[in-house]
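Below you'll find the structure, written out as C-alpha cells, and then a few comments.
Any value given below was found using the heavy atoms of this structure, including those in side chains, with hydrogens, waters and symmetry copies removed.
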Amino acid sequence: MRMLLALPVVLFSASTLANGGLFLVDDAVITDEGHCSLDAWWTRQNGAGAGTVIPMCTRSGFEWALPVEFAAGNVTSYGLEAKMRLTELSSGSALALSAGGMLARDGHRLEDVFVNLPYSQQWLPWLELHLNLGAVYQYAERNRALSWGAAITAALWPDLALIIESAGISREDPTLAAGLRWQLLERWELDLSYGRELESSSSYVALGFNLAF
C-alpha cells in the first residue's frame, strides 16, 4: 500500500522506481489487476526490533491489504487497508486514494484510522517524485492530525534505485530517511533504509523484501 546528481539516462522498470513497502512515502501504484504481492520488513530502533508483514491483492480496481505487526515474537496489531488509482495522466503523473485502520491485538482496540492521497510524477526516465497528503485519527490520544510525505526515487542502475524521503504527522518530529531498492529477480525486491527523527534524534534501520505473484 505507503526523494540528485546527474545519472546515466537509460530505461528502468516501473517496479524499480516504485515506493511503498518499508519506505515512509507511498506512491500512486497499485498491484496489477488479478495479482498479489507480499511486503515484509524488520525495523531496529532504540535497541528494539519490530516486524511488519503485508499481503495484498487487487480485485476490481481495488488493492486490498492486510497489515500485521510483530514485536518480541508476538502479533501486536493488525488491520485492513484499501487503495485505488484515481487518475493516470499522459504527462506521467498519477493520483491514488488509500484508507484503512489498525487494531491492537490486546483487547482488539481500534488504534487509528487514516486516509491518504499519494501522488506520483515521473520527471525523467530515471527520476520520480512522490507526494503524500492525508489525515489520521489516533484513538488512544483522541487526536486528529494531518499526515504528509515527500520522496524522490532515482534509478542508480537498471535494478537499483535510491530513495530519499521525509514524512510526518502534523508538525510532530518529522523523519528523514534514505534507502535503496534492489530488484534481485523479476518478482523479488530487496529494500534497505536508514532514517532519523529530526527532533528526538532517534534513528532506525529497516530491511525488507517484496514478492510479486
Side-chain angles (χ1 to χ4, degrees), residues 1-4 7-39 41 54-67 79-101 113-136 146-167 177 179-183 185-189 191 193 208-213:
M1 313 264 358
R2 180 62 103 209
M3 295 171 310
L4 243 146
L7 300 172
V9 179
V10 292
L11 294 179
F12 300 92
S13 70
S15 178
T16 303
L17 289 176
N19 281 36
L22 62 80
F23 296 103
L24 305 174
V25 180
D26 198 8
D27 57 24
V29 174
I30 65 172
T31 307
D32 292 339
E33 180 68 31
H35 291 263
C36 300
S37 64
L38 176 68
D39 283 342
W41 66 90
I54 308 180
M56 61 193 81
C57 295
T58 298
R59 296 291 185 274
S60 303
F62 287 88
E63 181 184 77
W64 297 96
L66 298 171
L80 175 66
E81 300 177 5
K83 182 179 178 182
M84 65 177 295
R85 180 78 64 83
L86 295 179
T87 63
E88 184 170 7
L89 307 179
S90 58
S91 61
S93 63
L95 181 67
L97 171 67
S98 61
V113 293
F114 79 91
V115 61
N116 186 40
L117 285 168
Y119 171 81
S120 296
Q121 172 71 55
Q122 184 162 8
W123 283 341
L124 296 170
W126 51 269
L127 183 64
E128 283 189 354
L129 169 71
H130 306 285
L131 300 174
N132 289 183
L133 181 62
V136 60
L146 292 177
S147 59
W148 58 271
I152 289 177
T153 303
L156 303 177
W157 202 252
D159 296 327
L160 183 66
L162 169 68
I163 297 173
I164 302 174
E165 57 183 354
S166 183
L180 296 171
R181 168 160 286 174
W182 181 21
Q183 188 163 354
L185 299 169
E186 182 180 357
R187 297 178 181 274
W188 286 88
E189 293 173 342
D191 297 334
S193 180
F209 71 88
N210 173 274
L211 171 63
F213 54 94

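Between Thr58 and His35, every side-chain heavy-atom pair lies at or beyond the 4.5 Å cut-off. Looking at Phe213 and Leu38, their side chains come closer than 4.5 Å, going by heavy atoms from C-beta outward. Side-chain contact between Leu180 and Leu162: present, with at least one pair of heavy atoms (C-beta onward) separated by less than 4.5 Å. Counting heavy atoms from C-beta on, the side chains of Phe62 and Ile30 never come closer than 4.5 Å. Using a 4.5 Å heavy-atom cutoff, the side chains of Leu97 and Val115 are in contact. Residues Glu81 and Ser98 form no side-chain contact, since every pair of their non-hydrogen atoms from C-beta on lies 4.5 Å or further apart.
For Pro67 against Leu80, the heavy-atom pair with the smallest separation is CD-N, 4.0 Å. Between Leu22 and Gly208, the shortest heavy-atom distance links the atoms CD2-N, 3.4 Å. Closest heavy-atom contact between Ser147 and Ala135: OG-N, 3.5 Å. The heavy-atom pair separating Glu33 from Ser60 by the smallest distance is OE2-N, 2.7 Å. The heavy-atom pair separating Val25 from Ser166 by the smallest distance is CG2-O, 3.8 Å.
If you take CG on Asn210 and CZ on Arg187, they are separated by 11.5 Å, rounding to the nearest 0.5 Å. Expressed to the nearest 0.5 Å, how far CG of Leu124 lies from CG of Leu129 amounts to 11.5 Å. A distance of 11.0 Å separates CD in Glu186 from CG in Asp159, rounded to the nearest 0.5 Å.
Scanning for side chain to side chain donor-acceptor pair (under 3.5 Å) contacts around Ser37 gives an empty result, with sequence neighbours left out.
With a 6.0 Å radius and a threshold of 12 heavy atoms from other residues, nucleotides or ligands, Trp182 has its CH2 atom at or below the threshold.
Formation of a donor-acceptor pair under 3.5 Å by the Gln121 side chain with backbone atoms of Glu128 is not found in this model. Remark: side-chain polar atoms of Glu63 are paired, donor with acceptor, to backbone N or O of Thr31 under 3.5 angstrom. For the pair Ser193 (side chain) and Phe23 (backbone), a donor-acceptor distance under 3.5 Å is absent.
Here the rule is side chain to side chain contact (heavy atoms under 4.5 Å, CB included) with Leu117, and of Leu86, Asn132, Leu131 only Leu86 fits it. The residue from Arg181, Lys83, Arg85 that alone fulfils the salt bridge (charged side-chain N to carboxylate O under 4.0 Å, His left out) condition with Asp27 is Lys83.
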Please assess Cys57 against Trp64 for the test side chain to side chain contact (heavy atoms under 4.5 Å, CB included), listing each intermediate value before the final yes or no. CA-CA 5 Å; Cys57 295; Trp64 297 96; 5.8 Å; no

